[in-house]
Amino acid sequence: GHEAQADTADTSLAALNEVQDKTFDELRLPADVLAETQQAWSAFITSASSREAAGEMIYAAIFDSAPSLQSLFKTPRSMMAMRFMNGLNSIISDANNPSALKVQTETLGFQHLDLEVTLPRVVIFRDAIVDLFDMEMGARFTSKAKLGFMAILNYVGGAYIFIRREYAGRIKVINSSWRTASNKAADLMESTEEGGEGGEGEEGKEGEEGSKNGGKEGGEMSGKEGMH
């Protein structure tokens, strides 16, 4: 019942005072913490002159506190600022739906596989963002909102580390198998293009699409060979 839910919420909050990178489960926050966290986020966005300006403030806060982190990001500043903004927005919006939050976090984790996310770096990100909200919002950034942000940022940061550790090896294997399969498929396409006819029905259409898009060069090559 409700009591059991309250217990799990409390436990996960206690656990999320620190970055948890050994497990990646759903995050359940108490309703009051969640409400104040989302209110604080809305207040922060409203207080900035635009979403771009809000993103810029987050970017500046993170990199002013740790200039060394800038070398991790190859993307231009304005684009990176908007990515921080949108990423945080999607996480805070999904925070009241544990399964949606987990999927969103996993998606972001996969997008950041190339980044070497470490515990100290997660702490720098988390503290920079929490300090920024503290400074910008003063009393409106309540202790519960602070608790919620700490928990969410710890959760996401821990998940990035977990995903990178658990999946990076597997993804390398998948990529190399995919490359091998793509090369084989390309060879097959070339040999069938010379003598084969397209299949019928949906598959035939898809095949035609594929040869229009991917097979132009192959087609030109075999055309040239035919002219010799």
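Keep in mind it's a predicted model, so treat the numbers as computed, not measured. All values below were derived from every heavy atom in this structure, side-chain atoms included, with hydrogens, water molecules and symmetry-related copies excluded. Here, residue 1 is the first one in the sequence, and each next residue gets the next number.
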Original post:
If you take all heavy atoms of V19 and V123, which pair is closest and at what distance?
Top reply: CG2-CG2, 4.4 Å
Subject >> Taking every non-hydrogen atom, the tightest pair across M137 and A40 >> reply: SD-O, 3.2 Å
Original post:
What is the ring orientation for F149 with F141, classed by angle as parallel under 30°, tilted 30 to 60°, or perpendicular over 60°?
Top reply: tilted
Give me the one residue out of [options] that meets side chain to side chain contact (heavy atoms under 4.5 Å, CB included) with [X].
X: N96; options: L34, T37, L29; result: L34
X: T105; options: L108, T107, V103, L101; result: L101
X: W41; options: I152, T46, I91, N89; result: N89

Quick check: do [X] and [Y] have side-chain heavy atoms less than 4.5 Å from each other?
X: M85; Y: E52; value: no
X: I129; Y: L88; value: yes
X: Q20; Y: Y155; value: no

Original post:
Is it the case that K22 places NZ or CZ above or below the six-membered ring of F162, under 6.0 angstrom from the centre and within 45 degrees of the axis?
Top reply: no
Test item: [X] side-chain N/O and [Y] main-chain N/O as donor-acceptor pair under 3.5 Å:
X: Q38; Y: I92; value: yes
X: R164; Y: G109; value: no
X: D94; Y: N97; value: no

**OP:** Look at the side-chain heavy atoms of Ile, Leu, Val, Met, Phe, Trp and Tyr, link any pair under 4.5 Å apart, and say whether L115 and M80 land in one connected group.
**Re:** yes
What distance separates [X] [atom1] from [Y] [atom2], expressed to the nearest 0.5 Å?
X: Y160; Y: D21; atom1: OH; atom2: CG; result: 14.5 Å
X: K102; Y: E26; atom1: NZ; atom2: CD; result: 6.5 Å
X: E106; Y: Y167; atom1: CD; atom2: OH; result: 5.5 Å
X: Q104; Y: S99; atom1: CD; atom2: OG; result: 12.0 Å
X: F84; Y: F125; atom1: CZ; atom2: CZ; result: 4.0 Å
X: S143; Y: M150; atom1: OG; atom2: CE; result: 12.5 Å

Original post:
Does atom NZ of K146 have more than 12 heavy-atom neighbours from other groups under 6.0 Å away?
Top reply: no
**OP:** Take R77 and E56, measure what side-chain contact (heavy atoms from CB on, under 4.5 Å) needs, and give me the verdict at the end.
**Re:** CA-CA 8 Å; R77 181 176 178 133; E56 190 61 43; 2.6 Å; yes
Subject >> Pairs involving residues 118-129, ordered by first then second residue, that meet side chain to side chain donor-acceptor pair (under 3.5 Å) (sequence neighbours left out) >> reply: R126-N154
Original post:
What do the steps show when you test R51 against N86 for side-chain contact (heavy atoms from CB on, under 4.5 Å), and what is the final call?
Top reply: CA-CA 9 Å; R51 289 172 76 90; N86 293 335; 3.8 Å; yes
Subject >> side-chain contact (heavy atoms from CB on, under 4.5 Å) assessment of F44 paired with I58 >> reply: CA-CA 11 Å; F44 170 69; I58 293 167; 3.9 Å; yes
